[in-house]
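No experiment lies behind these values; they were computed from the predicted model shown. We count residues from 1, following the sequence as given.
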Amino acid sequence: MKKINVLLAGVMLTAATTTATAGGILTNTNQSIDFLRNPARDAAIGLDGVYSNPAGVALMPEGFYLGINWQYAHQTRTIESTNPVFALGKKNDGLGTKTFEGIADAPFIPSIQAAYNKGNWSVQFNFSVPGGGGSCEFADGLGSFESVVGSIASQLKPLGATGYDMDGYMQGRQYYFGFQLGTAYKITKDFSVYGGLRVLYGTATYKAKISNIMVNTAGGYVDFGSFLQGAATTVDAGISQVNAGIAQYQAAGVDVPAELTTKLAQLEGTKESLNSLQKYSEGVNLLCNQSSVGVAPVIGIDWRIGNFNFAAKYEAKTEIHMKNESTVNKASEIPAVNKFRDAEKIDEDMPAQLALGAMWSMSDNFRLNLGYHHYYDKSVKWYNNTQDLLGGGTNEYLAGAEWDLSDKFTISGGGQLTRYQLTDKYMNDMSFVVNSYSLGCGFNYKASDKVTLKAAYFQTNYDHYKRNDYPQAGVSDDFTRTNRVLGIGCELKF
C-alpha cells in the first residue's frame, strides 16, 4: 500500500494551511492597514513604506514615527473532489463527488513599523508576518486521504468488502516572523536609496489523522483490523486447501494442474497484501513540527519628479531550511516520506520579489497609485523541486486612489490582480493557490498632530482551478478559496 505512504508525505507538505492574504505563493504583502485600504503602496510616501517603499520614508519630515497594525483574516479553502471509490463511502450517499472545506483563521496578524528621520538619514525597523500567519483545519480530512481508504476497500471486494467508513482530519499552522532593519539616505531632496537586512524565523506544525476505519460486509460494518484478521484466516484456509490438493497430485506422481499453482500464487499474493495493510489497521496519527531561520538583503530607490513619484524595491531570496521534529523516525522505502524524518532539514525558500510603483499627485488632496510585483518562484529551492512544476513566476498588478476629504480625514481604495503560472502537476489538494483579484478600502483619521487612527477592509475573490490529468479515469479536483481581512491600527509621531 505505497499510496498510503505517499499520502502521509503529502499531508505534511501542505502550504495550503497557511493564511497568506495577499502576495505570492509563500509571501504576504499585507503588512499594514494602509495596504488593506489601498494595495498600490509601492510608491506612496508614508510610514508603511518601511515595508513597501523604504527609500521613500526618507522623504518624510524629521521625527520618530511608530506604526502599530492589527489584522484579522478569515479564509476558506474548498476542494470539490471526484473519485469513483467515494461511492463506496458510508457518508457519501453513493456519490462519487465530495466537497472538502478547510477553515483558516488568523485572529491576530500584527505588524510594527518604526522610523527615525534626521537630516538626510532614515533608520527603519519593521516587524511583520511576511509568510504564513495562522492555521487551517480540514475537519473531514482531504480527498487524497479518503481516496486511499476507498481504493483499499475496492481492492478488498474479492474478500467480501462492499464499502468503507473513516474519519479524516488535518490541521496545519505556519508563521514566518520577519524582522527588517535598514537605512535610507536622501542623495538629493527628491532622490533617496535604501539598504537593509531581513531576518525570517519560520515555525510550523502539521497534524494528520486517519481513524475509525471500517469495512462494510454482508454482516454490516466491521473494524478494519478485525476484517483483515478474518480475511487472513480465510486466505490461510484457502492456501492450506490448495497445498493439500497439490500434495495429493505429487504423492500420485502426477503433474500438478496449472490452475492449482496459479491459485496458490494468487492466494499468497493476497496474504502478502493483507500483511502489508496490517500496520494501518489502527489508522494513522502523525505530527511534525518545523522551524528555521533565514536572512536576505533588501534594497530600494525612490525618485520624486514634480507631481510624480517613482519607486522600486528588491527583496532577495531567503534560503530557508526547515528542521523537523517528527514522529517519523525511520527511513522509508518511499523517498517522499523521508522529508518528515526527525532532525531532517527541508528546503522551503522564500522567493525573491521585485516591486515597482508610481504615484501621481493630481492635486494637493488627491493621489493615484500604480504598482507591479514579480515573484521569482522558479529560482527557489523547495522540497522535491516542486518549483520546477510551475510555469513561471507570479505577477501582480495594483492600482488605487487616495483622497484627503479634510485635514483630518482621508479615504482610499484600490485593487490587486494576482496571476500565478500554475500547472496541473503542481496543483494538489494539500498545496494549492488560485488566481484572484482583491479589493480594499478604508480611512485615516488624524486625531491630533501626533496620533493618526486607521481602519480598513480587504477582500479577495478567487477563480476556480480544475485539474483533470490524474492517471485514474474519472478522478478530478476543483479548487477555490475565499478571503476576508479586517484591520485597525494607529500611527504615532514623536
For the student: nearest non-hydrogen atoms of S32 and N69, plus distance: CA-OD1, 3.7 Å

In Å and rounded to the nearest 0.5 Å, what is the OH to CD1 distance from Y457 to I488? 16.0 Å

Anything under 30° is parallel, anything over 60° is perpendicular, the rest tilted; go ahead and classify F127 against F179. tilted

Using modelled atom types and a 3.5 Å cut-off, is there a donor and acceptor pairing between side-chain atoms of D34 and backbone atoms of D48? no

Just say parallel, tilted or perpendicular for the rings of Y376 and Y314, cut-offs at 30° and 60°. perpendicular

Mind listing the closest non-hydrogen atom pair of G141 and F100 along with its distance? O-CD2, 3.6 Å

All heavy atoms of K454 vs all of I33, minimum pair found to be CB-CG2, 3.8 Å

Would you please classify the geometry between the Y375 ring and the H373 ring as parallel, tilted or perpendicular, with 30° and 60° separating the classes? perpendicular

Are side-chain N/O atoms of T188 and D190 paired as donor and acceptor at under 3.5 Å? no

Over all atoms of both residues, closest heavy-atom pair of L200 and G178: CD2-CA, 3.7 Å

Strictly by modelled atom types, are Q174 and Y206 linked by a side-chain donor-acceptor pair under 3.5 Å? yes

Derivation and outcome, side chain to side chain donor-acceptor pair (under 3.5 Å), residues R77 and Q75: CA-CA 7 Å; R77 288 137 171 81; Q75 294 188 344; 2.7 Å; yes

Distance-minimising heavy-atom pair for L439 and G415: CD2-CA, 4.2 Å

Given 3.5 Å as the limit, does a donor-acceptor pair link the side chain of Q124 with the main chain of T183, or not? no

Audit row: R198, T318, side chain to side chain donor-acceptor pair (under 3.5 Å) steps and yes/no: CA-CA 9 Å; R198 183 185 64 187; T318 308; 2.9 Å; yes

What do you reckon, are the aromatic ring centroids of W121 and Y185 less than 6.0 Å apart? yes

Would you give me the side-chain donor-acceptor pairs under 3.5 Å for residues 402-412, sequence neighbours excluded?
residue, atom, partner, partner atom, Å
E402, OE1, R367, NE, 3.0
E402, OE1, R367, NH2, 3.0
E402, OE2, R37, NH1, 3.0
E402, OE2, R37, NH2, 2.9
D404, OD1, R367, NH2, 2.9
D404, OD1, T410, OG1, 2.7
D404, OD2, R367, NH1, 3.1
D404, OD2, R367, NH2, 3.3
S406, OG, K408, N, 3.2
S406, OG, F409, N, 3.1
S412, OG, R37, O, 3.4
S412, OG, R37, NH1, 2.6

Any donor-acceptor pair under 3.5 Å linking the side-chain atoms of N117 with those of S122? yes

Heavy-atom check, side chain of E491 versus side chain of L66, under 4.5 Å: no

Stepwise, does the side chain to side chain donor-acceptor pair (under 3.5 Å) test hold for Q31 with S111? CA-CA 6 Å; Q31 300 305 327; S111 64; 5.0 Å; no

Residue pair N28 / Y176, side-chain donor-acceptor N/O under 3.5 Å: no

With no hydrogens and no angle check, do the side chains of D424 and N468 hold a donor and an acceptor under 3.5 Å apart? no

State, without any angle test, whether H74 and N483 hold a side-chain donor-acceptor pair at a distance under 3.5 Å. no

Specify the closest pair of heavy atoms between S292 and H321, including all atoms of both residues, with the distance to one decimal. OG-O, 2.8 Å

Report the distance from atom OG1 of T452 to atom NZ of K446, rounding to the nearest 0.5 Å. 6.0 Å

Does a side chain donor of either S436 or T460 reach within less than 3.5 Å of an acceptor in the other side chain? no

Please determine, by modelled atom types, if N461 and Q459 share a side-chain donor-acceptor pair under 3.5 angstrom. yes

Ring centers of Y397, Y372 separated by less than 6.0 Å: yes

For the pair T394 and D377, evaluate side chain to side chain donor-acceptor pair (under 3.5 Å) and give the outcome as yes or no after the intermediate values. CA-CA 7 Å; T394 302; D377 299 319; 2.6 Å; yes

Report the C-alpha distance between D140 and F145 in whole Å, list the side-chain angles of each, state the deciding distance to 0.1 Å, and finish with yes or no for side-chain contact (heavy atoms from CB on, under 4.5 Å). CA-CA 9 Å; D140 295 323; F145 286 40; over 6 Å; no

Salt bridge (Lys or Arg N to Asp or Glu O under 4.0 Å) between E325 and K323: does it pass, once the steps are laid out? CA-CA 7 Å; E325 293 182 3; K323 185 177 180 180; over 6 Å; no

Any donor-acceptor pair under 3.5 Å linking the side-chain atoms of D349 with those of Q387? no

Using the side-chain hydrogen bond (donor to acceptor under 3.5 Å, both in side chains) definition, which of the options N324, T205, T203 pairs with Q290? N324

Between Y169 and E137, a side-chain donor and acceptor under 3.5 Å: yes

Modelled atom types, side-chain donor and acceptor of Y470 and D477, under 3.5 Å: yes

With ring-ring contact (aromatic ring centres under 6.0 Å, His included) as the criterion, how do F308 and W360 come out once you've worked through the C-alpha distance, each side chain's angles and the decisive distance to 0.1 Å? CA-CA 5 Å; F308 293 90; W360 179 23; 5.6 Å; yes

